[in-house]
Amino acid sequence: IRVLEESPYKGAMKKYPPVKYLNYKNRKRILITGGAGFVGSHLVDVLMYQGHEVVVADNFFTGRKRNVEQWLGHPNFELIHHDIVNPLFIEVDEIYHLASPASPPHYMYNPVKTIKTNTMGTINMLGLAKRVMAKVLVASTSEVYGDPTVHPQPETYWGHVNPIGPRACYDEGKRVSETLSYAYAKQEKVNVRVARIFNTYGPKMHMNDGRVVSNFILQALQNKTITVYGNGRQTRSFQYVSDLVDGMILLMESNYTQPINLGNPVEHSIEEFASIIKGLVGGKSEIFKSQAVEDDPQRRKPDITRAKKYLNWEPKVSLKDGLQRTIDYFKMELERSNQDFSE
Ligand code: NAD
Ligand code: UDP
Ligand code: UDP
């Protein structure tokens with residue numbers, strides 16, 4: 001038996017980023033479901049810097065402990081390994097409900113689970129909000145508009161969704177999530193906020209996330225073929241993650257209770273987007289057009305009049321700056337994974 005004479009942790013005090021001190025009146029206890037994921041972990045950082053107590057509940061399906069590792073052990077931070085399909089009994093003031101796979105390959109991997117997460121999971125969070133009288137912000141999506149026939153998409157548009165297609169588990173799941181939010185608001189007086197989030201990118205996206213930004217950057221960095229699905233004329237509008245996080249916090253703090261689009265209205269075709277990324281990364285990748293994917297929305301661009309009017313919010317980070325920061329992150333991640341491999 002090896003006896004440790006000295007604690008291995010002795011003297012090894014962890015250094016945390018500085019957080020603001022808030023007195024008990026201003027300090028909130030905030031639950032973030034899906035807080036170990038891409039968007040959630042950025043939200044965790046900002047709320048921690050602001051001095052709040054943050055509880056993350058995550059089942060680590062697509063999220064990682066590494067995304068929140070800088071806070072592990074911090075007195076204001078708690079990480080719970082929990083699947084929100086099951087009830088959760090804790091005491092909180094606010095809930096940011098983000099738990100759900102977001103990338104098409106991830107949400108299509110187990111469609112039934114995606115539906116359960118967005119229906120049963122949302123019921124549990126609304127039930128929790130009802131019991132403890134917490135405010136709850138539900139992360140919805142531009143996918144509620146489906147393959148839109150109105151362009152750009154205002155919140156008043158009801159959408160054009162195929163209820164039985166491959167994306168339905170996510171699109172309809174989020175639509176039910178919204179329906180549940182307003183049913184709990186009306187029937188149980190739960191204080192709800194609904195953010196319709198448009199395509200978002202940035203550091204801490206998973207390398208194998210499968211979404212277009214991470215795919216194209218990785219392909220360009222590795223001099224591999226850049227895979228455009230279909231003719232590349234379909235459009236998207238990409239928002240940098242810090243803009244989204246600012247918008248979500250403003251929405252939670254506001255008195256506005258109707259759904260609100262959070263996205264960057266600068267629209268590009270996917271083909272243009274491939275060239276932009278290739279231009280920023282450099283390298284020898286070729287752009288290749290492969291078969292289109294089923295039910296791929298052909299156009300997407302948020303109308304953000306509401307967010308401007310009620311939240312005084314609009315995106316600040318340009319596509320070029322945001323992409324550069326994301327490319328730098330992926331370069332680091334690639335070096336790290338190469339090192340892991342050689343060890
Ligand atoms: P992500 O996959 O990085 O994060 C989702 C997180 O939820 C992960 O940490 C995952 O482990 C967790 N999760 C999934 N199912 C769970 C369950 N049953 N119980 C507990 N945790 C669970 O995705 P993201 O991009 O950070 O998206 C966050 C939220 O924002 C999602 O609700 C997504 O639908 C929404 N959204 C994101 C985008 C985008 O472009 N990133 C666009 C629209 C909407
Ligand atoms: N719930 C939860 N945490 C709570 C309170 C409720 O997870 O703190 C769950 C509860 O298990 C239930 C769901 O939320 O399945 C909906 O709660 P609600 O009170 O609306 O429904 P009821 O309990 O009356 O079925
Ligand atoms: N796309 C692509 N190549 C890829 C990944 C995605 O051409 O390697 C396309 C996809 O068909 C869609 C757009 O890029 O038209 C955005 O896809 P993503 O999965 O990022 O998000 P979506 O908005 O479809 O949920």
Side-chain angles (χ1 to χ4, degrees), residues 32-43 56-64 67-68 80-92 96-107 110 113-114 116-118 120-132 134 138-144 167 170-171 173-174 177 180 183-184 187-188 190 195-202 204-206 209-216 218-219 226-230 232-239 241 244 248 262-263 269-271 273-274 289-290 292-293 295-298 300:
I32 306 180
T33 72
F38 158 54
V39 174
S41 59
H42 285 274
L43 182 62
V56 165
D58 204 296
N59 71 350
F60 303 114
F61 173 45
T62 52
R64 299 173 288 186
N67 285 342
V68 292
I80 312 175
H81 188 159
H82 178 79
D83 190 316
I84 50 126
V85 166
N86 302 314
L88 177 65
F89 289 87
I90 56 173
E91 318 306 314
V92 288
Y96 287 87
H97 176 37
L98 273 63
S100 164
S103 155
H106 288 150
Y107 67 63
N110 185 341
K113 178 71 189 200
T114 302
K116 285 184 185 169
T117 297
N118 280 294
M120 292 154 74
T122 302
I123 290 178
N124 286 333
M125 288 310 107
L126 290 163
L128 169 62
K130 170 183 143 188
R131 181 178 62 81
V132 300
V138 173
S140 182
T141 168
S142 52
E143 299 274 345
V144 299
R167 303 173 81 100
Y170 183 71
D171 301 7
K174 291 287 186 183
S177 220
L180 283 166
Y184 268 85
Q187 188 178 321
E188 308 291 354
V190 174
R196 290 193 182 145
I197 303 169
F198 283 64
N199 296 63
T200 307
Y201 69 98
K204 295 208 249 184
M205 278 185 103
H206 202 288
D209 187 80
R211 279 179 278 193
V212 71
V213 181
S214 44
N215 275 8
F216 285 3
L218 270 183
Q219 288 162 345
I226 296 180
T227 54
V228 170
Y229 302 158
R233 288 201 292 273
Q234 71 271 35
T235 71
R236 292 293 187 274
S237 311
F238 295 96
Q239 142 177 261
V241 65
L244 170 61
M248 291 204 307
L262 294 177
S269 72
I270 293 302
E271 191 177 26
F273 195 59
K289 291 179 187 161
S290 62
V293 293
D295 285 353
D296 201 358
Q298 290 306 297
R300 186 180 291 155

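Every number for a ligand or one of its atoms is a count from 1 in the order of the listing. Treat the numbers as computed from the prediction; the structure is a model and nothing was measured.
Between A99 and ligand 1, no N or O atom pair is found at a separation short of 3.5 Å. The N/O atoms of V85, backbone and side chain alike, include none that comes under 3.5 Å of an N/O atom in ligand 1. Note: an N/O pair closer than 3.5 Å links V212 and ligand 3 by distance alone. Residue V39 has at least one N or O atom closer than 3.5 Å to an N or O atom of ligand 1. Considering backbone and side-chain atoms alike, N199 places every N or O at 3.5 Å or more from each N or O of ligand 1. Between L98 and ligand 1, a contact under 3.5 Å exists for at least one N or O pair. When only interatomic distances are considered, the shortest N/O to N/O separation between I197 and ligand 1 does not fall below 3.5 Å. Of the polar atoms of K113, none of the N or O atoms is found under 3.5 Å from an N or O of ligand 1, judged by distance alone. Considering backbone and side-chain N/O atoms, R211 never comes within less than 3.5 Å of an N/O atom of ligand 3. For ligand 2, the polar-atom distance check finds an N/O of L88 within less than 3.5 Å of one of the ligand's N/O atoms. Close N/O approach between Y107 and ligand 3 is not found [any backbone or side-chain N/O within under 3.5 Å]. Residue contacts with ligand 1: R64 is placed with no nitrogen or oxygen under 3.5 Å of a nitrogen or oxygen of the ligand (distance criterion only). Geometrically, ligand 1 and H97 share no nitrogen or oxygen pair separated by less than 3.5 Å.
Using a 4.5 Å heavy-atom cutoff, the side chains of L128 and M125 are in contact. Within the 4.5 Å cutoff, the side chain of V144 has heavy atoms near those of the R196 side chain. Looking only at side-chain heavy atoms (C-beta outward), I270 and V228 come within less than 4.5 Å of each other. Taking 4.5 Å as the limit, every side-chain heavy atom of F61 sits out of range of all side-chain heavy atoms of N110. Counting heavy atoms from C-beta outward, T117 and I84 have side chains that approach closer than 4.5 Å. Looking only at side-chain heavy atoms (C-beta outward), M248 and L98 come within less than 4.5 Å of each other.
Ranking protein heavy atoms by distance to atom 27 (O) of ligand 1, first place goes to A102 CB, 3.6 Å. Among all protein heavy atoms, the one lying closest to atom 21 (O) of ligand 3 is N199 ND2, 3.5 Å. Regarding atom 7 (O) of ligand 3, its nearest protein heavy-atom neighbour is Y229 N, 2.7 Å. Looking at atom 10 (C) of ligand 3, its nearest protein heavy atom turns out to be D296 OD2, 3.5 Å. Distance from atom 3 (N) of ligand 3 to its nearest protein heavy atom, with residue and atom name: T227 O, 2.6 Å. Protein heavy atom at the shortest distance from atom 18 (P) of ligand 2 is K130 NZ, 3.6 Å.
For ligand 1, the atoms sitting less than 4.0 Å from at least one non-hydrogen atom of T200 are 39 (C), 40 (O), 41 (N), numbered in the order shown with element in parentheses. Of all atoms in ligand 2, listed by their number and element, those nearer than 4.0 Å to a heavy atom of G127 are 5 (C), 6 (C), 14 (O), 16 (C), 17 (O). Listed by atom number, the atoms of ligand 1 under 4.0 Å from F60 heavy atoms are 11 (O). Under a 4.0 Å criterion applied to the non-hydrogen atoms of G63, ligand 1 contributes the atoms 8 (C), 9 (O), 10 (C), 11 (O). Shown in contact with P104 at under 4.0 Å from a heavy atom are these atoms of ligand 3, numbered in order with element: 19 (O), 25 (O). The contact set between ligand 3 and V228, taken as ligand atoms under 4.0 Å from a residue heavy atom, comprises 7 (O). Every atom of ligand 2 with a heavy atom of I123 under 4.0 Å away is listed here by number and element: 13 (C), 14 (O), 16 (C). Atoms of ligand 1 lying under 4.0 Å from at least one heavy atom of T141, given by number and element, are 43 (C), 44 (C). Of all atoms in ligand 2, listed by their number and element, those nearer than 4.0 Å to a heavy atom of Y184 are 16 (C), 17 (O), 18 (P), 20 (O). Distances below 4.0 Å separate heavy atoms of R131 from the following atoms of ligand 2: 4 (C), 5 (C), 8 (O). Each of the following atoms of ligand 1 lies closer than 4.0 Å to a heavy atom of G34: 6 (C), 7 (O), 9 (O), 12 (C). In summary, the atoms of ligand 3 found under 4.0 Å from a heavy atom of I270, numbered by their order in the structure, are 7 (O), 13 (C), 14 (O).
Remark: the backbone N or O of S214 is not paired with any side-chain donor or acceptor of D209 at under 3.5 angstrom. Under a 3.5 Å cut-off, the side chain of T114 and the backbone N or O of Y107 do form a donor-acceptor pair.
Within the structure, the closest approach of D58 to ligand 1 falls below 4.0 Å when heavy atoms are considered. The closest approach between A36 and ligand 1 falls below 4.0 Å for a heavy atom of the residue. Heavy-atom distances between H82 and ligand 1 reach below 4.0 Å in at least one pair. In this structure, K174 is part of the shell of residues with a heavy atom less than 4.0 angstrom from ligand 1. The closest approach between a heavy atom of R211 and any atom of ligand 1 is below 4.0 Å. Under the 4.0 angstrom criterion for non-hydrogen atoms, F273 is not in contact with ligand 3.
With a 4.0 Å heavy-atom cut-off, ligand 1 is reached by no atom of Y201. Residue contacts with ligand 1, taken as heavy atom pairs separated by less than 4.0 Å, involve S140 solely via the backbone atoms N, CA, C and O. At a heavy-atom cutoff of 4.0 Å, ligand 1 is contacted by no atom of H106, backbone or side chain. At a 4.0 Å heavy-atom cut-off, ligand 1 touches N59 through backbone and side chain alike. Under 4.0 Å from ligand 3, the heavy atoms of R167 that appear belong solely to its side chain.
Side-chain N/O atoms of T62 and H206 include no donor and acceptor closer than 3.5 Å.
Across T200 and M205, no two heavy atoms sit closer than the pair O-CE, 4.0 Å.
The environment of R233 atom CZ is sparse: at most 12 non-hydrogen atoms of other residues, nucleotides or ligands sit within 6.0 angstrom.
In this structure, K116 does not pair ionically with D83, as no charged nitrogen and carboxylate oxygen lie closer than 4.0 Å. A salt bridge is absent between E188 and R131: the closest approach of a Lys/Arg side-chain nitrogen to an acidic carboxylate oxygen does not fall below 4.0 angstrom. Electrostatic pairing of R167 and E143 counts as a salt bridge here, judged by a charged N lying under 4.0 Å from a carboxylate O.
Atoms CD1 and CG, on I80 and L88 in that order, are 5.5 Å from each other to the nearest 0.5 Å.
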Carefully, step by step, assess I197 and Q239 under the rule side-chain contact (heavy atoms from CB on, under 4.5 Å). CA-CA 9 Å; I197 303 169; Q239 142 177 261; 4.1 Å; yes
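Here the shortest heavy-atom distance to atom 8 (O) of ligand 3, taken over V213, N215, V293, belongs to N215. Which of R236, K289, Q219 comes nearest to atom 16 (C) of ligand 3 through a heavy atom is settled by distance: it is R236. Remark: among candidates I90, N86, N124, the nearest residue to atom 13 (C) of ligand 2 is N124, based on non-hydrogen atoms.
In this structure, atom 23 (O) of ligand 2 has no protein heavy-atom contact shorter than 4.0 Å.
Below 30°, between 30° and 60°, or above 60°: for Y201 and F238 the angle between ring planes is above 60°, a perpendicular geometry.
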